[in-house]
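So the structure is just underneath, and the comments pick up after that.
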There are 2 protein chains.
Amino acid sequence: MSSSAQKHDVFQAIADPTRREVLRLLAEKERPISEITAHFPMSRTAIAKHLQVLSEAELVSGQKVGREKIYRLHPEPLTELKQWLSFYEKFWENKLSILKHIVENPSDHAIGIIEREDDRQK
Amino acid sequence: MSSSAQKHDVFQAIADPTRREVLRLLAEKERPISEITAHFPMSRTAIAKHLQVLSEAELVSGQKVGREKIYRLHPEPLTELKQWLSFYEKFWENKLSILKHIVENPSDHAIGIIEREDDRQK
DNA sequence: TTGACATGAAACCAAATGGTTTTATATAAT
DNA sequence: ATTATATAAAACCATTTGGTTTCATGTCAA
């Protein structure tokens with residue numbers, strides 16, 4: 001895993017479940033690497049690399065304090081994700097609202113039958 | 001790239017820029033593989049594999065019509081992304097609103113503002 | 001000052017990823 | 001019937017990814 005900047009964007013950064021869990025941990029509070037590592041069944045080195053990826057995406061930043069390196073969440077880049085999502089929201093919200101309408105008005109979706117029944121009665 | 005189901009989730013599916021562009025194209029209208037391929041500088045086979053990944057994440061589905069396979073967008077799985085994002089929204093929106101407030105009221109930015117906003121939330 | 005602790009850095013590795021080319025098969029059009 | 005079109009499937013390949021182990025370095029504590 002190289003350390004050059006700009007190699008990972010926010011989409012790639014959140015693709016990995018371990019990294020998403022790291023973000024969740026840092027959302028609670030800032031933590032040193034070893035404390036983060038304690039939550040996972042893998043080595044400190046592996047976590048350090050995940051932090052590197054998150055750092056390239058600018059979702060976290062680390063500051064050395066004494067012999068520890070304290071990482072903290074930096075959620076702003078997620079706005080890019082939100083923007084990307086908003087484009088698709090209209091699509092699925094439309095679909096879901098149609099579904100919602102059917103569920104809330106169970107009589108409506110048999111209109112054809114009802115009209116035919118009315119016709120018969122005439 | 002294997003074809004077994006459940007191997008790719010929505011987070012992985014959208015991590016690749018090509019796949020995001022494929023989604024955008026399918027948001028406009030449903031299209032056969034070759035029409036999608038025409039928008040990219042890579043082979044039809046490569047695009048077919050990307051469609052496979054998107055299909056595993058249930059973001060698209062393909063239906064054979066004659067000799068073509070027509071793919072269409074299936075945006076519902078993006079709700080998972082939206083839910084995941086909503087957890088972090090409060091963080092950055094808080095930060096941005098504080099910044100906005102400071103920008104709009106240059107006179108009264110010391111610490112007091114932030115502490116007062118924290119108090120309101122308690 | 002001597003360990004113990006927290007991290008950094010490098011070498012290594014297997015598997016996944018993102019692409020290619022080749023070959024085969026079904027359908028449409030002439 | 002023949003040919004062109006659209007896709008499928010498989011083999012192959014280089015690079016990236018996600019992990020490891022090992023060794024070096026800086027810092028805190030006794």
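Below, read A as the first sequence line, B as the second, and so on, with proteins coming before strands; counting in each chain starts at 1.
When each of C/dA6, D/dA8, C/dA11 is scored by its nearest atom to the side-chain atoms of B/Lys69, the top-ranked nucleotide is D/dA8. Listed candidates were D/dG19, D/dT17, C/dT20. Nearest to the side chain of B/Lys49 is C/dT20. In the set D/dT17, D/dG19, C/dT20, D/dG19 carries the atom at the smallest distance from any side-chain atom of A/His50.
Residue B/Ile70 contributes atom CD1, which lies 16 Å from atom C1' of D/dA8 at whole-angstrom precision. One can place CD of B/Glu68 at 15 Å from C1' of D/dA8, the figure rounded to the nearest angstrom. The separation between A/Lys7 atom NZ and D/dG18 atom P is 11 Å, rounded to whole Å. For the pair B/Leu51 CG and C/dG19 P, the interatomic distance rounds to 12 Å; values are reported in whole Å. B/Glu21 places its CD atom 16 Å from the P atom of C/dG18, with the value rounded to the nearest Å. As a whole-Å value, the separation of A/Asp16 CG from D/dT17 P is 11 Å. Between B/Asp9 atom CG and C/dA16 atom P the separation is 15 Å, expressed in whole Å. The distance between atom CD1 of B/Ile47 and atom C1' of D/dA6, rounded to the nearest whole Å, is 15 Å.
Contact annotation: A/His8 side-chain N/O to D/dT17 OP1/OP2 distance is under 4.0 Å. In this structure, B/Gln12 reaches the C/dT17 phosphate: one of its side-chain N or O atoms is under 4.0 Å from OP1 or OP2.
Taken residue by residue, residues 31-42 of chain A places heavy atoms nearer than 4.0 Å to DNA chain C at A/Pro32, A/Ile33, A/Ser34.
Counting only residues at least two apart or on different chains, the salt bridge (charged side-chain N to carboxylate O under 4.0 Å, His left out) pairs with a member in residues 31-48 of chain A are A/Glu28-A/Arg31, A/Lys29-A/Glu35, A/Arg31-A/Glu35.
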Base versus backbone protein contacts along nucleotides 21-30 of chain D [heavy-atom cut-off under 4.0 Å; B, S, -]: B-----BB--
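The main-chain N or O of A/Glu30 is never found under 3.5 Å from a side-chain atom of A/Arg72 such that the two would form a donor-acceptor pair. A donor-acceptor pair under 3.5 Å is absent between the side-chain atoms of A/Arg19 and the main chain of A/Ile14, judged by distance alone. A donor-acceptor pair is defined here as one N or O able to donate and one able to accept, closer than 3.5 Å; no such pair exists between the side chain of B/Tyr88 and the backbone of A/Glu76.
Of the inter-residue distances, the one linking A/Leu59 atom CG with A/Leu81 atom CG reads 9.0 Å to the nearest 0.5 angstrom.
Cation-pi check for B/Lys90 over B/Phe87 is met; the charged atom lies under 6.0 angstrom from the ring centroid and within 45 degrees of its normal.
By the rule that hydrophobic residues join a cluster once side-chain heavy atoms approach within less than 4.5 Å of another member, B/Leu26 and B/Ile70 end up as members of separate clusters.
For the side-chain hydrogen bond (donor to acceptor under 3.5 Å, both in side chains) criterion with A/Glu56, the lone passing option out of A/Gln12, A/Lys7, A/His8 is A/His8.
The side-chain heavy atoms of A/Leu23 and B/Trp84, taken from C-beta on, include a pair separated by under 4.5 Å.
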